[in-house]
Amino acid sequence: MEITVTIPDEFARWIIPEGLDPARQALEDMAVEAYRAHRLTGSQLRRLLGIPSRYELDAFLKKRGVWLEYTLEDFRREGEITSRLLAQWTE
């Protein structure tokens, strides 16, 4: 899909930082917002933007102020899994 957007010059310099490709910047901005709104998964976001690894995606998202959602339930579940693994190693 191709989308054309017209931005007045007086606003363009604030929206698209100098030296960046406006089309790429717009794609990244839309994709990140779709990820934040749970309309794209991390895997889909990586493929769309051509980011090769989850590690690099995490760095990309961190630069844009998007933090991984990690709940108390996630923490508890990982703690239970770790406890079981440690118990197996000490047997």
Side-chain angles (χ1 to χ4, degrees):
M1 171 187 293
E2 249 183 70
I3 299 172
T4 302
V5 178
T6 303
I7 301 171
D9 289 340
E10 66 180 293
F11 297 108
R13 65 175 173 245
W14 295 316
I15 296 172
I16 307 295
E18 191 173 331
L20 296 181
D21 174 24
R24 177 65 187 194
Q25 191 66 36
L27 173 63
E28 288 180 5
D29 290 348
M30 286 188 297
V32 166
E33 288 309 312
Y35 176 78
R36 283 183 192 191
H38 304 284
R39 293 190 315 264
L40 284 177
T41 66
S43 177
Q44 290 169 326
L45 182 61
R46 276 188 334 119
R47 289 194 324 264
L48 176 62
L49 298 180
I51 297 173
S53 71
R54 177 65 201 188
Y55 177 77
E56 290 172 85
L57 177 63
D58 290 345
F60 170 82
L61 290 171
K62 184 177 179 182
K63 283 181 189 176
R64 289 176 160 270
V66 180
W67 304 100
L68 297 178
E69 292 183 15
Y70 192 76
T71 65
L72 182 56
E73 183 57 37
D74 294 331
F75 178 76
R76 288 182 178 144
R77 185 178 60 251
E78 288 184 5
E80 291 170 5
I81 292 169
T82 302
S83 294
R84 283 184 265 149
L85 288 173
L86 289 174
Q88 289 175 0
W89 286 350
T90 58
E91 289 178 355

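Applying the side-chain hydrogen bond (donor to acceptor under 3.5 Å, both in side chains) test to residues at least two apart or on different chains, the pairs with a partner in residues 41-60 are Thr41-Gln44, Ser43-Arg47, Ser53-Glu56, Arg54-Asp58. Within the structure, side-chain hydrogen bond (donor to acceptor under 3.5 Å, both in side chains) contacts touching residues 13-22 (residues at least two apart or in different chains) do not occur.
Leu45 and Trp67 fall into different hydrophobic clusters, where Ile, Leu, Val, Met, Phe, Trp and Tyr side chains are chained together by heavy-atom contacts under 4.5 Å. Note on Phe75 and Ile81: separate hydrophobic clusters, where clusters join Ile, Leu, Val, Met, Phe, Trp and Tyr whose side-chain heavy atoms are under 4.5 Å apart, directly or indirectly.
Residues Leu57 and Ile51 approach most closely at N-CG2, 3.5 Å, considering heavy atoms. For Gln25 against Leu20, the heavy-atom pair with the smallest separation is OE1-CD1, 3.1 Å.
In the hydrophobic clustering, Leu86 connects to Trp89, either directly or through intervening members, whenever side-chain heavy atoms lie under 4.5 Å apart.
A salt bridge links Glu33 to Arg36: at least one charged side-chain nitrogen sits closer than 4.0 Å to a carboxylate oxygen.
With sequence neighbours excluded, the residues satisfying side-chain contact (heavy atoms from CB on, under 4.5 Å) with Leu48 are Leu27, Ala31, Leu40. Every residue two or more places apart in sequence or in another chain that forms a side chain to side chain donor-acceptor pair (under 3.5 Å) with Arg64 is listed here: Glu28, Asp29. For the side chain to side chain donor-acceptor pair (under 3.5 Å) test, residues two or more places apart in sequence or in another chain that qualify with Thr71 are Asp74.
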